[in-house]
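Let me begin by presenting the structure, written as structure tokens, before commenting on it.
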Amino acid sequence: MSRYDPATIEPRWQQHWADAATFHVDVDPDKPKYYVLCMFPYPSGSGLHVGHPESYTAVDIVARYKRMRGFNVLNPIGFDSFGLPAERAAQRENRHPAEITRERIAYFREQMQRLGFSFNWEREISTCEPEYYRWTQWIFLKLYEQGLAYLAEVPVNWCPAQGTVLANEEVVDGRYVETGDPVERRMMKQWMLRITAYAERLLEDLEGLDWPEGVLEMQRQWIGRSEGAEVRFDVADSDESFVVYTTRPDTLFGATWCVLAPEHPLVTRITTDDRRAEVEAYVAAAANKSDMERQLAADKEKTGVFTGAWAINPVNGEKIPVWVADYVLSTYGTGAIMAVPAHDERDHAFARKFGLEIRPVYQPDHDHDFQESAWPGEGRAINSGQFDGLTVAEFKTAIIDWLEEQGVGRRKVNYKLRDWLFSRQRYWGEPFPIVHLEDGTVVPLSPDDLPVTLPHVDAYKPTEDGQPPLARATDWVHTTYQGKPARRETNTMPQWAGSCWYYLRYMDPHNDRLPFGPDKVAYWRNVDLYIGGVEHAVLHLLYARFWHKVLYDIGMVPTKEPFQKLFNQGMILAYAYRESSGRYHHPDTVERRPGQAVEMVSAWTQETVTTDWFVKGTDIPVEEKLGKMGKSLNNSVDPLDIVKRYGADTLRVYEMFMGPLEQIKPWQTSGCEGVHRFLSRVWRLFVDEETGETRPPEGTSKEARKALHLAIQEATEGIEQLKLNTPIAKMMEFVNACKGRTPAREDAEAFLLILSPWAPHIAEELWHRLGHDRSLAYEPWPEVDDSALVDDTMTIVVQVMGRKRAVIEVPADADKDEILARARADENVARHLEGKTIRKEIYVPGKLVNIVAN
RNA sequence: GGGGGCGUGGCGGAAUCGGUAUACGCGCUCGACUCAAAAUCGAGUGGCCUCAGGCCGUGUGGGUUCGAGUCCCACCGCCCCUACCA
């Protein structure tokens with residue numbers, strides 16, 4: 001007895017690949033390079049779930065295919081191992097985060113290795129190890145050298161209860177998501193990176209990238225380029241003036257007031273005494289609101305107060321009131337705007353609320369009630385002096401020229417992109433290679449002093465007086481610089497830092513003189529194919545592109561962009577099961593009882609729903625709902641559980657068979673059955689289960705040979721286009737077409753080769769049983785034999801008036817007339833033509849005949 | 001409000017240079033093998049009807065065409081991102 005037993009063959013081949021260093025890779029000038037990369041995981045406490053291997057499997061299929069196509073393939077893996085969850089676990093368990101992280105990585109590695117991915121394990125990296133973050137610090141020094149890193153007083157999310165600053169994504173509705181503690185805005189001195197200096201290039205260089213359109217668009221919107229003008233307004237009866245930014249300088253004649261952001265420095269200086277109390281109260285209230293609260297308020301009604309001051313409109317000398325309102329953002333443009341209620345919806349709403357003047361300066365080509373709504377579109381200028389009659393585009397050019405001549409304004413491009421807040425008050429991150437001297441001088445350390453390693457601290461939380469955890473390590477903090485006393489920087493870098501350049505470190509992971517050698521990067525250049533989740537569409541990809549461009553500018557990398565082609569895999573969802581009480585049941589512990597639907601109260605909606613799902617062995621009904629896989633819905637599936645039941649090859653093939661890679665799709669463990677049956681059938685095609693002997697070839701039928709070459713074609717095209725689901729169906733069709741007869745040697749080998757990227761273990765095992773000593777990993781990829789795809793006969797669909805009436809078989813060389821004659825002769829077709837005149841006969845070669853008759 | 005994506009059997013999905021809708025698989029039904037079960041193999045499986053045939057059917061309603069899941073117009077529903085950026 002020798003049945004398909006993945007539990008014995010899979011570990012054997014994994015061991016073989018490791019022992020033979022099958023997938024180790026190095027620079028090879030004789031081979032073209034191919035760099036595939038999956039976004040490296042954060043080693044969480046719960047291990048991988050079956051969602052993770054989706055991108056790893058896709059990447060592995062491409063890697064194995066490209067090797068067989070003669071490429072030198074870089075397919076590395078590592079761990080994004082700094083970050084908050086490990087720090088929290090460290091607090092909870094009172095252990096060092098490094099220890100916790102290493103344990104978690106060990107489990108991740110075990111899980112991944114059990115799935116047979118052809119990663120270059122000899123290149124594994126972990127961003128929290130000093131050998132790695134030494135070079136993150138090194139690159140930071142380069143950024144500092146270039147004037148791209150600076151300290152600034154900026155608003156942060158401060159959580160008094162936790163005594164720390166929080167990341168934006170940790171704050172929802174003005175509260176810390178984990179504990180519900182209130183969060184306030186506070187000014188703090190922070191490290192910033194001048195990403196805005198690269199805004200234009202980050203935008204322009206999106207052009208040449210082979211990325212999903214949606215991601216390109218998200219990056220464009222995030223960078224948010226706009227063209228307009230800055231215009232100076234003098235404050236009446238004073239020496240003060242302020243500058244507004246507008247994309248519609250052509251509506252200057254319609255400006256009926258100005259607004260300053262509550263944080264604008266001019267507010268206190270120009271507010272009149274009679275208005276002071278009210279203005280100060282408003283500014284104070286705005287300061288306490290988080291961004292989120294301001295946004296929520298924005299949905300309701302606009303607020304604001306009059307400062308008592310008046311500004312002079314430079315185009316007509318008119319005096320207009322100056323207001324303070326929090327719908328103007330201090331962090332964008334100049335923090336001040338001119339309000340044109342007739343042509344801007346936000347200003348219109350404000351005008352209606354406070355009864356301010358609405359003055360149209362464009363007439364659209366139809367009637368428009370300006371009191372009712374703003375008109376932001378095209379028109380001819382009115383109420384604009386010498387500019388009357390111009391179109392929007394003409395007016396813009398003319399008014400900017402005029403403003404520049406008068407010295408009261410200038411053309412200006414603005415970006416929504418802000419500089420990157422680069423420091424965190426955390427322990428578990430890269431320390432900055434920076435010391436502060438007693439006189440306040442900020443000094444970057446020499447590259448020779450790196451790495452600045454993390455000190456041991458007595459607790460992973462802020463000090464009593466609110467300093468970051470690193471301040472607890474007093475011996476570490478107090479140091480000397482060139483004989484002078486100095487204090488080390490106690491902030492750490494954010495989690496994004498390590499992932500900004502990891503794809504470069506993979507090229508030369510053990511280099512202890514440089515982050516990566518020039519010879520290596522000259523060969524590997526950049527990533528050819530990058531696969532990962534769409535959740536990184538903006539931040540990670542933008543940050544990494546920024547660092548890459550800085551490295552390009554200082555001559556360290558030869559390419560302008562890090563990731564040539566990007567592909568987003570769709571998230572794998574899972575069904576969750578919940579009883580009325582709110583308790584969740586794992587998918588393994590419930591069952592469906594068709595025809596036994598009952599009513600229950602949904603724990604989600606509190607409404608009555610019908611369900612035919614029950615907790616196994618009980619009569620407790622549960623409601624089914626699709627959701628993200630995770631702890632909160634108790635619906636995670638561990639890949640190792642699937643490996644135990646079905647084997648790694650089944651898991652890999654099922655992950656791909658579920659549907660298109662880019663699509664969101666639900667995990668259903670039962671779906672593994674079909675894949676496992678398929679692989680078992682493949683096994684039986686080659687191995688006699690009774691004797692365990694390898695079966696001798698019996699020959700390939702014409703149908704089977706055609707199915708084989710269709711499968712080769714589908715697999716080849718599929719991998720090139722990352723359509724990895726349909727080739728599996730074609731391979732199944734081949735196996736079905738074999739009808740249990742062992743195919744001829746040549747065909748058997750071609751089949752195993754195309755199967756191998758998806759199911760490498762069974763393919764290697766059978767390849768070996770066919771008498772090969774060497775791994776199939778570097779065998780040439782099979783070519784399609786077009787002659788195998790040609791049939792003796794064609795199947796032609798016959799339609800009458802566009803409706804299918806018959807299907808006929810004709811010789812492959814039959815001509816049009818012959819086929820039409822055969823079609824008309826068909827009994828059922830003739831019946832539908834009876835008593836009608838044939839008006840037209842359409843013949844689509846090889847496919848279809850349509851007879852038009854009435 | 002803006003941007004992007006998606007609606008096809010009981011389920012995952014296949015087919016979009018317009019040409020047999022539901023490939024492949026899950027599930028289900030029946031049959032073979034077996035004392036029995038598992039495994040395996042074979043057959044069937046969109047709905048309806050007056051069932052050698054026919055009608056309807058790819059979110060809804062129109063349109064173009066000999067022919068529409070695919071193209072055009074209008075709408076409905078779901079998901080994701082983003083959000084006062086002047």
Side-chain angles (χ1 to χ4, degrees), chain A residues 3 212-218 220-222 224-226 228 244-249 251 259 291 294-295 297-299 302 325-329 331-334 336-340 343-347 349-350 376 414-418 534-535 537-538 570-571 573 575 592 594 612 626 653-654 657-660 662-675 677-678 680-681 684 689 725-733 735-736 739-740 795-807 827-828 831-832 839-853:
Chain A
R3 294 173 48 172
E213 190 49 47
V215 176
L216 292 175
E217 194 50 36
M218 278 191 246
R220 285 189 203 108
Q221 288 193 7
W222 190 266
R225 185 183 197 274
S226 72
V244 303
Y245 173 71
T246 176
T247 55
R248 295 294 304 274
T251 59
V259 186
D291 282 346
R294 282 201 194 182
Q295 279 167 26
D299 294 339
K302 293 219 170 355
D326 67 2
Y327 83 93
V328 173
L329 306 176
T331 47
Y332 180 75
T334 59
I337 62 151
M338 63 176 200
V340 185
H343 302 287
D344 181 282
E345 281 160 21
R346 297 154 299 186
D347 297 341
F350 198 78
N414 251 331
Y415 302 90
K416 284 201 256 184
L417 185 68
R418 311 289 154 82
V534 72
E535 64 273 18
V538 179
M571 202 189 329
L573 303 178
Y575 288 100
R592 187 158 177 219
D612 53 5
L626 202 54
V653 175
Y654 177 63
F657 190 59
M658 284 169 74
E662 67 277 14
Q663 194 168 299
I664 295 177
K665 40 205 176 290
W667 175 268
Q668 286 172 103
T669 300
S670 61
C672 291
E673 293 287 348
V675 169
R677 268 175 218 155
F678 161 62
S680 303
R681 269 203 292 275
R684 285 197 304 272
E689 285 193 319
N725 50 332
T726 49
I728 300 165
K730 298 290 182 200
M731 289 186 243
M732 288 173 168
E733 288 185 58
V735 171
N736 291 346
K739 295 185 159 55
T795 305
I796 304 289
V797 171
V798 183
Q799 297 183 335
V800 177
M801 297 297 288
R803 288 170 177 278
K804 182 171 113 183
R805 296 302 179 191
V807 178
E827 194 183 329
N828 199 38
R831 211 156 50 83
H832 282 91
R839 304 287 173 192
K840 199 169 166 189
E841 288 171 323
I842 292 147
Y843 172 57
V844 181
K847 286 191 172 163
L848 167 143
V849 164
N850 189 10
I851 300 169
V852 185

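- Of the candidate nucleotides B:rA86, B:rG3, B:rU20, B:rU20 has the atom nearest to the side chain of A:Val797.
- Along RNA chain B, the nucleotide closest to A:Glu827 and the one closest to A:Tyr415 are compared, and the more 5′ of them pairs with A:Glu827.
- In this structure, the side chains of A:Glu213 and A:Leu216 come closer than 4.5 Å at one or more pairs of heavy atoms.
- The structure places CE of A:Met658 at 10.0 Å from CD of A:Gln663, a figure rounded to the nearest 0.5 Å.
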Sub-3.5 Å pairs of nitrogen or oxygen atoms, protein against nucleotides 66-69 of chain B:
unit_1: B:rC66; atom_1: O2'; unit_2: A:Asn850; atom_2: ND2; d: 3.3
unit_1: B:rC66; atom_1: O2; unit_2: A:Asn850; atom_2: ND2; d: 2.3

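- Contact annotation: A:Asn736 side-chain N/O to B:rG25 OP1/OP2 distance is under 4.0 Å.
- For A:Asn736, the side chain to side chain donor-acceptor pair (under 3.5 Å) test picks out no residue, with sequence neighbours left out.
- Residue A:Arg805 is classed as a sugar-phosphate contact, given heavy-atom separations below 4.0 Å to backbone atoms only.
- Checking the phosphate oxygens (OP1, OP2) of B:rG54, a side-chain nitrogen or oxygen of A:His832 falls inside 4.0 Å.
- When every heavy atom of A:Pro666 is checked against every heavy atom of A:Tyr575, the shortest pair comes out as CB-CE1, 3.8 Å.
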### Criterion side chain to side chain contact (heavy atoms under 4.5 Å, CB included) on A:Gln221 and A:Val538, from CA distance to verdict
CA-CA 10 Å; A:Gln221 288 193 7; A:Val538 179; over 6 Å; no
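- Taking 4.0 angstrom as the limit, A:Ser226 places a side-chain polar atom (N or O) nearer than this to OP1 or OP2 of B:rA86.
- B:rC76 sits 30 Å from B:rA23 when the C1' atoms are compared, rounded to a whole Å.
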### Query
Going through the checks in order, is the side chain to side chain contact (heavy atoms under 4.5 Å, CB included) test met by A:Ile851 and A:Gln799?
CA-CA 6 Å; A:Ile851 300 169; A:Gln799 297 183 335; over 6 Å; no
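- Between A:Arg248 and A:Asp344 there is no side-chain heavy-atom pair separated by less than 4.5 Å.
- An anti orientation is assigned to B:rG27, its glycosidic angle lying beyond 90° of 0.
- Whole-Å rounding puts the A:Phe678 CZ to B:rA23 P distance at 18 Å.
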Which atom pairs link the protein and nucleotides 36-46 of chain B when you take only N or O atoms and keep those under 3.5 Å?
unit_1: B:rU40; atom_1: O3'; unit_2: A:Arg684; atom_2: NH2; d: 3.1
unit_1: B:rC41; atom_1: OP1; unit_2: A:Arg684; atom_2: NH2; d: 3.1

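- Nucleotides B:rG12 and B:rU22, compared at atom C1', are 13 Å apart to the nearest Å.
- Contact annotation for A:His343: no contact, since no heavy-atom pair falls under 4.0 Å across all strands.
- Dashed line: the shortest gap from a side-chain N or O of A:Tyr327 to OP1 or OP2 of B:rA86 is not under 4.0 Å.
- Distance noted for atom P between B:rC75 and B:rG25: 42 Å (whole Å).
- The CD1-C1' distance, from A:Ile796 to B:rG19, rounds to 11 Å in whole Å.
- Where pairing requires Watson-Crick or G-U contacts shorter than 3.5 Å, the helical stems of RNA chain B with at least three consecutive pairs are B:1-7 with B:76-82, B:10-12 with B:24-26, B:27-32 with B:40-45, B:46-49 with B:53-56, B:59-63 with B:71-75.
- Only the P atoms considered, B:rA39 is 14 Å distant from B:rU29, to the nearest whole Å.
- Not counting sequence neighbours, A:Lys416 has no partner by the side chain to side chain donor-acceptor pair (under 3.5 Å) test.
- Every side chain to side chain contact (heavy atoms under 4.5 Å, CB included) that A:Arg805 has, sequence neighbours left out, goes to A:Val800, A:Arg803, A:Asn828, A:Val829, A:His832.
- Taking A:Phe657 as the reference, nothing meets the ring-ring contact (aromatic ring centres under 6.0 Å, His included) condition, with sequence neighbours excluded.
- Atom P of B:rU70 sits at a distance of 9 Å from the matching atom of B:rU58, rounded to the whole Å.
- Among the atoms of the strands shown, none is found under 4.0 Å from any heavy atom of A:Asp347.
- For the atom pair CD1 (A:Ile728) and CD (A:Glu733), the distance works out to 12.5 Å, reported to the nearest 0.5 Å.
- The P atoms of B:rC55 and B:rG2 are separated by 45 Å, rounded to the nearest whole Å.
- With hydrogens and angles ignored, a donor-acceptor pair closer than 3.5 Å exists between the side chain of A:Lys302 and the base of B:rC84.
- Residues forming a side chain to side chain donor-acceptor pair (under 3.5 Å) with A:Glu827 (at least two apart in sequence, or on another chain): none.
- When the salt bridge (charged side-chain N to carboxylate O under 4.0 Å, His left out) test is applied to A:Asp347, no partner is found at least two apart in sequence or on another chain.
- Using modelled atom types, one side-chain atom of A:Tyr654 and one backbone atom of A:Gln668 make a donor-acceptor pair closer than 3.5 Å.
- Nearest-nucleotide positions on RNA chain B place A:Val538 closer to the 5' end than the other of A:Val538 and A:Gly224.
- Straight-line distance between the C1' atoms of B:rU64 and B:rC11: roughly 35 Å, to the nearest whole Å.
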Each nucleotide N or O in nucleotides 11-14 of chain B that has a protein N or O under 3.5 Å away: list the pair and distance.
unit_1: B:rC11; atom_1: O2'; unit_2: A:Gln668; atom_2: OE1; d: 3.2
unit_1: B:rC11; atom_1: O2'; unit_2: A:Gln668; atom_2: NE2; d: 3.4
unit_1: B:rG12; atom_1: O4'; unit_2: A:Gln668; atom_2: NE2; d: 3.4
unit_1: B:rG12; atom_1: O2'; unit_2: A:Met658; atom_2: O; d: 2.7
unit_1: B:rG13; atom_1: OP1; unit_2: A:Gln663; atom_2: NE2; d: 2.9
unit_1: B:rA14; atom_1: OP1; unit_2: A:Asn725; atom_2: ND2; d: 2.8

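- Listed by chain and number, the residues in a side chain to side chain donor-acceptor pair (under 3.5 Å) with A:Ser226 are A:Tyr245, A:Tyr332 (sequence neighbours excluded).
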Ignoring hydrogens and angles, write down the donor-acceptor pairs under 3.5 Å from the side chains of residues 839-849 of chain A, residues two or more places apart or on other chains.
unit_1: A:Arg839; atom_1: NE; unit_2: A:Asn854; atom_2: OD1; d: 2.7
unit_1: A:Arg839; atom_1: NH2; unit_2: A:Asn854; atom_2: OD1; d: 3.2
unit_1: A:Glu841; atom_1: OE1; unit_2: A:Arg824; atom_2: NH1; d: 3.2
unit_1: A:Glu841; atom_1: OE2; unit_2: A:Arg824; atom_2: NH1; d: 2.3
unit_1: A:Tyr843; atom_1: OH; unit_2: A:Gly846; atom_2: N; d: 3.1

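- Using a 4.0 Å heavy-atom criterion, one finds that A:Lys847 contacts the sugar-phosphate atoms exclusively.
- Of the candidates B:rG53, B:rA86, B:rC26, the closest approach to any side-chain atom of A:Thr247 belongs to B:rA86.
- Distance noted for atom C1' between B:rC33 and B:rG42: 11 Å (whole Å).
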